[in-house]
Each structure stands twice: as structure tokens, then as C-alpha cells.
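Since this is a predicted model, take the numbers as computed values, not measurements.
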Amino acid sequence: MKKLIMLLVMIMVLALSGCSLLPEDSPILEGEYAEMSGSSNSNKKKNKKNKDGTQESVEASTEESTEESSQAESSDASTEATKETSQEPSEEIRYALEKDWTELPEGGETNPIIERESRDKVILVVEDGQEPETPETEEYSEMSGEKKPKPQTTKKPVEEEEEELPQVLQSYLTGEWKDLEIVNRRSIAVMFPNGYRAGSANNSPRLKLYGISKASVIYEAPVEGRITALMGVFEDYDSLDKLGPVVSARDYFIYQAMSTDSIFVHDGLIRMGTEELVNTDRVDAISAPTAGVVDGVKDVFYSNETIIPDAGKGYTDYFDVTKLKETIEAKEYATEHRETFEQGFLFANDSLATYPNAPNVTKIWPGGKVKNNGGYGNFANMNPHFEYDKEHHLYYRYQYGELMVDGMNNKKMGVTNVVLKICHGEERTPDQPKLDYLAFRVHGEGECYVFTNGKMIHGTWKKNSDTSADYLYDEEGNEIVLNQGKTWVCCVWQEYQDFILVE
């Protein structure tokens, strides 16, 4: 009898002290231990924030026992410890290294993010129709209630910042995860021809471009003769030995190179409108020593007649990428992005921006299917166009009646995004039609059509200055979110935009 009484007394003492004889995984204590570990759904509700950033009081689940409530009230220290442990960041908040990017998802209805990546702050990923929550950090203390918070910069000592920088970041040009060194360094913008043949003779060999598939962004625009030229912007160039053929510069291509803070590479120039610009300190250029160039570099350009056998004059000059580093050092150009650099394109995080309400478009002809003088219309039914591959989320480029491939590796030219940037254009020498020198307004703002994931978004492009990036907005004024990968930008002559055709 005494033993029984002593056993009952011990049980009462343990109960009053908050201890239990039950195992930790007992269902009776499941809610308490889940709350202490910060993984209970009811506990997350308790820490929910209002739009103005204040704490919202949410009643605990009715399934919580009376015993748990009395235990919480009996110990202030225990309650504070519970709160500190359970206040984890919202699921919409993530750091840059939380997961690595591999391939585009196969589909899904994930909505795009509304905030671009930054190297030194928490990233907000907000579902469509939700207000962004304001995490309890100094970096976001001034953003309460904003639907689209502006990027914040954390002021840190240089030594500390260098130690805390992640080893990979989302590329400013593609949104893909790349090495920190590649993302932070300046890219190179290289001029390529885009004719049907590598020469002016009817029997000249077909033109193929060496290394063009490695470009992160490709800009295309009309040139004299009413064909187009290309400019590839390269950030991943370490594995390349050469690029080319390299051709002449036009000023509107230089302004697009300045949009990405790129070092501009060209062989020759159209002197009207370009000579003065390329020779100023406003442009960091690597130029072949040709007419109109003040400070040309000879050793980094060379002629190679074996890559395209029997190529005509102007189609045999290549840029030696292996000498790029020493050339940049000799010219004393900045190797990392300068203070004027802006990230224009806004990319989705590691999910697919789907735009379910936008019209479906699988084929794009920037110059239509009939012959015209807009630059994209020289070959009627063989005009350049893009076809969307739903399986790979890529737009493949066709021109001159066949799929475009890289002359270096025979790789098909496919990009994740296509942008038609409508620009006002005019002839520089209307009194000398044989010259046919053109000018395009790539500054200011204009109409645009953006294609991604098989969808078409109509909107507006803006470029506020020479060094400003291109920004893309939809009809409601929101920035258009591109999907991760390469982008092809076609500068379409406004006076010929009626020829644009989509299916």
C-alpha cells in the first residue's frame, strides 16, 4: 500500500513539473514537440504577418490539449524559446544557393517571380495574386506593404562581403546559375555577318558562323543591302578559341553592346555615324586596325581561309579569344561590371514562367513571308523565322530555307526567349541610295513582342540612356519575366512592322 501511495505521489510531482513518462514520439505530445521544432502548421499560422508587416494573432488549433496550454503559461522562458525557434522565414523567402539550376522544367503553372536576383540579399518569390511578405531583416525594414519591392543593397565591409558572396549566381544575361567569376565579369559583344553566302559571288560557299551558339544574347538588326547582321554577347567564352567571321560595326549595335556593359569587338566599321563613337572613351572596343579606327589591335585578329573554304573577302577574319585577357589588360579596360551596369532582363527563378492567359504562338516571322525591304524580308518564303519546340521550351532559328546551325559544332541554334524590339529606322543617305546606310533608334521606348514558353506578350521596351539596359514591360506596366536561357532580340524596323507574322 505504501509503495502504491509513493508511486502516485511521484506521478503527481512529475505532472506538476511539466515532465512526462510518455515517449517523445507519443501522439499526445506530437503537437508540443512539433511546435518546439518549428515544423507545426499551426505554429506557422501564429507567425503570419499582415501586409503592413505587423504580427497577426491567429488562434491555435482546437486540437491542442488543455495541458499544453497550461504548460505554456506556466513557463515564460519556455514560451520565449518556443517563439524564437518557430519563427522561421516564410517559404516564399529563399537564398541564392538554396538549389542549383539544371534544366527547364517540363511544364507546370508556376507563376513568375517579381523580384530580380541580387548577390547580397534575401530573394522574394511571390505567387501571382499574393502580397509579398516582409521578412524580419534590416534589408527589408522599409519595404512593408510594397507590392513590388525595389532591390536592396546591404552595406558591408569589403572583406566581409567577399567572404559571404555565394559561389554561383543567376546570370544577368540568361538567369541561369553560373560561377560567380563569370557572372561578375564583363561580357564581349562580337559582330557577325548574316548573309546567305560567304561572299558576293553567286557560287560563294554558304556562310556558317563559328561559335555563335555560345552567345547568351543575340542582337539582330537590318544593315545596308536590306539584310541583317548579328551581334553575339558572350559571357561563357573561356572554352572558345575563336569567333567569327567578324565584321563591321554600326552605331546602333554599339549602343546595344553598351546596354550589357560589354567590350565591343569588330573588324571594320561603317564610318558614317560610327567612327566618332567607337573612337571615344565612351566605348571599350577591341577593333581590328582598319580605316576609321584610331587604336586598332592587330594580333588578336587573323585571317583563316580553311574554316569556310573559298570564302570571299570580308568572310575570313576571326577573333582570337585566347588573346582576349591580355588584350583587355593592355587596353586597361575594367574586367568586372562597372557602376553604370544595369540588369535589364528579368528572369524567372528555378521555375517556369507560363503566362497561361497569353496567346499561344509557335512560329514567328520578324519580316513575314513576303519580300520586303525591312531587313528580314529579302528571301520571301525563305525569310528567317523561329519555331517553338514545346518539349525543350526552345525557339529554333530557321533562315534561308533551313535550320540554322553553328559552324563550330553543328549545334542547332535554339533560344529560350525571342524579343521583337520595334525601332524607328531611317536611311542616313537618302540622296545616295547605293550606300543604303541605315540608322535605328534603340534609345527611348517603343513597342515590343516577347515570346517565351510558347506564349506571346505584347508590351513596351525602354532604354533610357547609352549605358542603360533594355527593360521590357507588359501592357499593364509590369516587367515581363523571361525564362532562364538564351535570348534573341530582333530590332525590327518600325516602318516595316506590319510584315511581322506569327502563327
Side-chain angles (χ1 to χ4, degrees), residues 187-201 204-205 207-212 215 218-234 237 240 242-258 262-305 307-308 310-321 323-324 327-328 330-331 333 375 407 427-429 432 434-440 442 491:
S187 52
I188 56 173
V190 183
M191 288 297 305
F192 291 87
N194 194 39
Y196 180 60
R197 299 185 181 279
S200 57
S204 296
L207 174 65
K208 286 190 176 181
L209 307 181
Y210 190 97
I212 187 69
I218 296 173
Y219 286 94
E220 182 175 19
V223 294
E224 56 282 355
R226 304 306 170 94
I227 58 174
T228 63
L230 306 176
M231 182 181 72
V233 181
F234 297 82
Y237 51 73
L240 293 171
K242 56 183 170 290
L243 290 167
V246 182
V247 294
S248 300
R250 285 84 172 170
D251 59 341
Y252 41 96
F253 279 105
I254 297 177
Y255 288 125
Q256 292 289 191
M258 295 169 73
S262 299
I263 297 172
F264 184 68
V265 178
H266 66 109
D267 185 355
L269 49 80
I270 301 302
R271 301 184 71 165
M272 181 173 293
T274 305
E275 179 177 356
E276 181 178 356
L277 175 63
V278 80
N279 289 317
T280 65
D281 56 7
R282 296 164 58 197
V283 180
D284 284 354
I286 298 178
S287 313
T290 55
V293 173
V294 172
D295 188 20
V297 182
K298 182 178 181 180
D299 295 339
V300 76
F301 295 91
Y302 66 97
S303 179
N304 188 322
E305 298 178 358
I307 299 177
I308 307 178
D310 301 321
K313 183 179 179 181
Y315 294 90
T316 61
D317 294 337
Y318 291 81
F319 176 68
D320 189 345
V321 183
K323 295 182 179 180
L324 175 61
T327 304
I328 292 175
K331 284 187 165 289
Y333 291 156
E427 297 180 32
R428 290 187 189 271
T429 56
Q432 301 180 64
K434 288 186 178 180
L435 294 178
D436 199 31
Y437 294 151
L438 305 178
F440 289 91
V442 296
C491 294

Quiz item: Do Y318 and F301 have ring centroids that are under 6.0 Å from one another?
Solution: no

Quiz item: Between CG of D320 and NZ of K242, what distance do you get to the nearest 0.5 Å?
Solution: 9.0 Å

Quiz item: CD1/I188 to CZ/F319 distance, rounded to the nearest 0.5 angstrom?
Solution: 5.0 Å

Exercise. Hey, could you give me the OG1/OH distance between T274 and Y437, rounded to the nearest 0.5 Å?
Key: 9.5 Å

Exercise. Could you check if a side-chain atom of L277 sits within less than 4.5 angstrom of a side-chain atom of Y255, using non-hydrogen atoms only?
Key: yes

Quiz item: In Å and rounded to the nearest 0.5 Å, what is the OG to OH distance from S200 to Y315?
Solution: 7.5 Å

Exercise. Any chance you could lay out the side-chain contact (heavy atoms from CB on, under 4.5 Å) test for T228 and V223, step after step, and finish with the verdict?
Key: CA-CA 5 Å; T228 63; V223 294; 5.9 Å; no

Practice problem: Please report the closest heavy-atom contact between A189 and M231, naming both atoms and the distance. | Solution: CB-SD, 3.7 Å

Practice problem: Determine, stepwise, if the pair D284 / K331 fulfils salt bridge (charged side-chain N to carboxylate O under 4.0 Å, His left out). | Solution: CA-CA 9 Å; D284 284 354; K331 284 187 165 289; over 6 Å; no

Exercise. Answer whether the closest heavy-atom distance between the side chains of V278 and H266 falls below 4.5 Å.
Key: yes

Practice problem: Quick one: pull up CD in Q432 and NZ in K434 and give me the separation to the nearest 0.5 Å. | Solution: 11.0 Å

Quiz item: Are any of the side-chain heavy atoms of L207 and Y196 separated by less than 4.5 Å?
Solution: no

Quiz item: Within the distance-only criterion (no hydrogens, no angle test), does the side chain of R226 pair as donor or acceptor with the backbone N or O of E224 below 3.5 angstrom?
Solution: no

Quiz item: Would you call I212 and F192 a side-chain contact if the rule is heavy atoms closer than 4.5 Å?
Solution: yes

Exercise. Quick one: closest heavy-atom pair of F264 and A249, and the distance?
Key: CE2-CB, 3.4 Å

Practice problem: State, to 0.1 Å, how close I308 and P245 come at their nearest heavy-atom pair, and which atoms those are. | Solution: CD1-CG, 4.3 Å

Exercise. Please tell me if the side chains of N194 and E220 come closer than 4.5 Å, counting only heavy atoms from C-beta onward.
Key: yes

Practice problem: Answer whether the closest heavy-atom distance between the side chains of Y219 and V233 falls below 4.5 Å. | Solution: yes

Self-check item: Side chain to side chain, M191 and V265, heavy atoms closer than 4.5 Å
Solution: no

Quiz item: For the residue pair S187 and F234, what are the closest heavy atoms and their distance?
Solution: CB-O, 3.0 Å

Practice problem: State whether a side-chain donor-acceptor pair under 3.5 Å links E305 with T316. | Solution: no

Quiz item: Within a reach of under 6.0 Å around CD of E427, are more than 12 heavy atoms found that belong to other residues, nucleotides or ligands?
Solution: yes

Practice problem: Taking the side chain as every heavy atom from C-beta outward, state whether I286 and L324 have any atom pair closer than 4.5 Å. | Solution: yes

Practice problem: Begin with the C-alpha distance, continue with both residues' side-chain angles, and end with the deciding distance and a verdict on side-chain contact (heavy atoms from CB on, under 4.5 Å) for T429 and M272. | Solution: CA-CA 10 Å; T429 56; M272 181 173 293; 3.6 Å; yes

Practice problem: Return the minimal non-hydrogen interatomic distance between G232 and A215, and the atom names on each side. | Solution: CA-CB, 3.9 Å

Quiz item: Within the distance-only criterion (no hydrogens, no angle test), does the side chain of D267 pair as donor or acceptor with the backbone N or O of V247 below 3.5 angstrom?
Solution: no

Exercise. Output the distance between atom CG (L269) and atom CG (D251), rounded to the nearest 0.5 Å.
Key: 10.5 Å

Self-check item: Heavy-atom pair of closest approach, residues R271 and A291
Solution: NH1-CB, 3.9 Å

Quiz item: Within the side chain of R197, is there an N or O that forms a donor-acceptor pair under 3.5 Å with the backbone of P205?
Solution: no

